[in-house]
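The next block holds one structure in the form of structure tokens; read it before the comments.
The sequence lines fix the lettering, A, B, ..., with proteins before strands; numbering per chain opens at 1.
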There are 2 protein chains.
Amino acid sequence: MTEVIRSAEALREKVAGWKRSGALVGVVPTMGALHDGHLSLARAARSQSDRVIVTIFVNPMQFNNPEDLKKYPRDEAHDLALLEADGVDVLFAPGPDEVYPEGFASKVSVTGVSGPMEGAHRPGHFDGVATVVTKLFGMTQAGRAFFGEKDWQQLQVVRRLVRDLNIPVHVIGCPTKRETDGLAMSSRNVRLSAAERAIAPALHRAMQDAARAIRDGAPVKAALDAAQGAIIRAGFATVEYLDLRDAETLEPLQDLRAPARLLVAAVLGDVRLIDNIAV
Amino acid sequence: MTEVIRSAEALREKVAGWKRSGALVGVVPTMGALHDGHLSLARAARSQSDRVIVTIFVNPMQFNNPEDLKKYPRDEAHDLALLEADGVDVLFAPGPDEVYPEGFASKVSVTGVSGPMEGAHRPGHFDGVATVVTKLFGMTQAGRAFFGEKDWQQLQVVRRLVRDLNIPVHVIGCPTKRETDGLAMSSRNVRLSAAERAIAPALHRAMQDAARAIRDGAPVKAALDAAQGAIIRAGFATVEYLDLRDAETLEPLQDLRAPARLLVAAVLGDVRLIDNIAV
């Protein structure tokens, strides 16, 4: 049975009981609309912790676009059934007033890694992420936290934050889960039309081609330009960014130095998709 | 024996050992130059915790004035002797590079309570306080933290921060310790000349007179004006602020509503003194 908890106080008591018996607590922070990517995180948590909390909170503070927040898919009953099947101990699903009660006035911000890409295109996004993640770490007091590599920049922001603020949690990044045609799993994929869904895998294909070309010695700029052209020709409306960057610091790279990461955000119809791969 | 620890990693191991045996850890964050005010915090921690950590870190991030940082008194050997005498378990005294290693990029900020008074006169001060306190809570994993009411606004910022970020620590405010003539104990008092030291108690006297007048029904503005005049006539160079405020939210009060607090900052010679009392 997965127990649903909605208040930080009730969660605190639950976790205190676990800790008294020496249990290692793992947490998987999510915004719900769970797919197999999330479930792979829950399974990683299950295998590396004694107790597993999955959190579902569609965090208004990290949405720069109110429309995107409104349209974000929500189906808690379905999510709960999936977590039950995976043996998750607690679904922590607080409401907005529990997370940001009246008088709330604090913010956690991270400079550097949060600046480019998602940070540049979604002002305030990573302040929202850093703040809510800090809160979730405090509320769950987890010893291990599992994040998907799908949100690669977010993972680097969280790692930086945990190191900088000495939060006693071990952050574990887990590989992106993909559909069989290569499309990275995302809660936003359900908003693609059938025609858009058929186009979407072109994003990952273009990334793979660019990564291969760069590894084979092609000039970085030429490889990125070719990929960008392929994405647009496939039917995407815009490419917001397509960058080769240092995998940890996210500094831009003009030529290949390991470990490097290729990261993209592109808009298909009215859905914004992101992806990234190692180079 | 008070053990001196300088690295977050060594402290983590020490605390982990304590926690395995179920000990409740208390922390007293300080900037050193310890006086009886600090020691009263250490004694409160001793009586309300199983293990006591006193931290000494002159936090560059909270000094808006480099001269003030340079002049801030430091005497660790003397501090350690005092802590030994009071049975403190650990003195945690990290260097700046341990607290802010290369690549450090995070900041915790609190709006509202941090805005007026010290926040207005010392830009960035409370960001520095909020960030280092969050770090010290993470490093010490203390269950209880002891702060002096002397820094009343700081205490409210820390309370707000702990509530907002769900940090699992109980914040305990302890009464201001005063010299027999009423001067609030402060590490900065040693920088007063003999003549200035004789003038300094006028600050607390003027505060007491204003508080009494306000409680007796005098108009707030008249009482504050009279106190300000008395402070300047006593020999202070300037009064940076002298405010009646809600004790928790620090909203300004035009008339007396409990709980209220009278707060002051004034400059004597080149030493900036602060104080506050309940009204």
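More than 12 heavy atoms of other residues, nucleotides or ligands sit less than 6.0 Å from atom CD of B:E84. Residue A:R257 qualifies as open at atom CZ: its count of foreign heavy atoms under 6.0 Å is 12 or below.
Among the residues in residues 145-159 of chain B, none has a non-hydrogen atom closer than 4.5 angstrom to a non-hydrogen atom of chain A.
In this structure, CD on A:E9 lies 10.5 Å from CG on B:N166, to the nearest 0.5 angstrom. Separating the CG atom in A:L165 from the OG1 atom in B:T131 is a distance of 7.0 Å, to the nearest 0.5 Å. Within the model, atoms CG of A:D164 and OG1 of B:T134 stand 12.0 Å from one another, a figure rounded to the nearest 0.5 Å.
Under a 3.5 Å cut-off, the side chain of B:K107 and the backbone N or O of A:V108 do not form any donor-acceptor pair. Judged by distance alone, the side chain of B:R163 and the main-chain N or O of A:G103 form no donor-acceptor pair under 3.5 Å.
Ranked by heavy-atom pairs shorter than 4.5 Å toward chain A, the options B:S106, B:A130, B:G112, B:G138 are led by B:S106.
When all heavy atoms are compared, the tightest approach of A:R160 to B:E102 is NH2-O, 4.2 Å.
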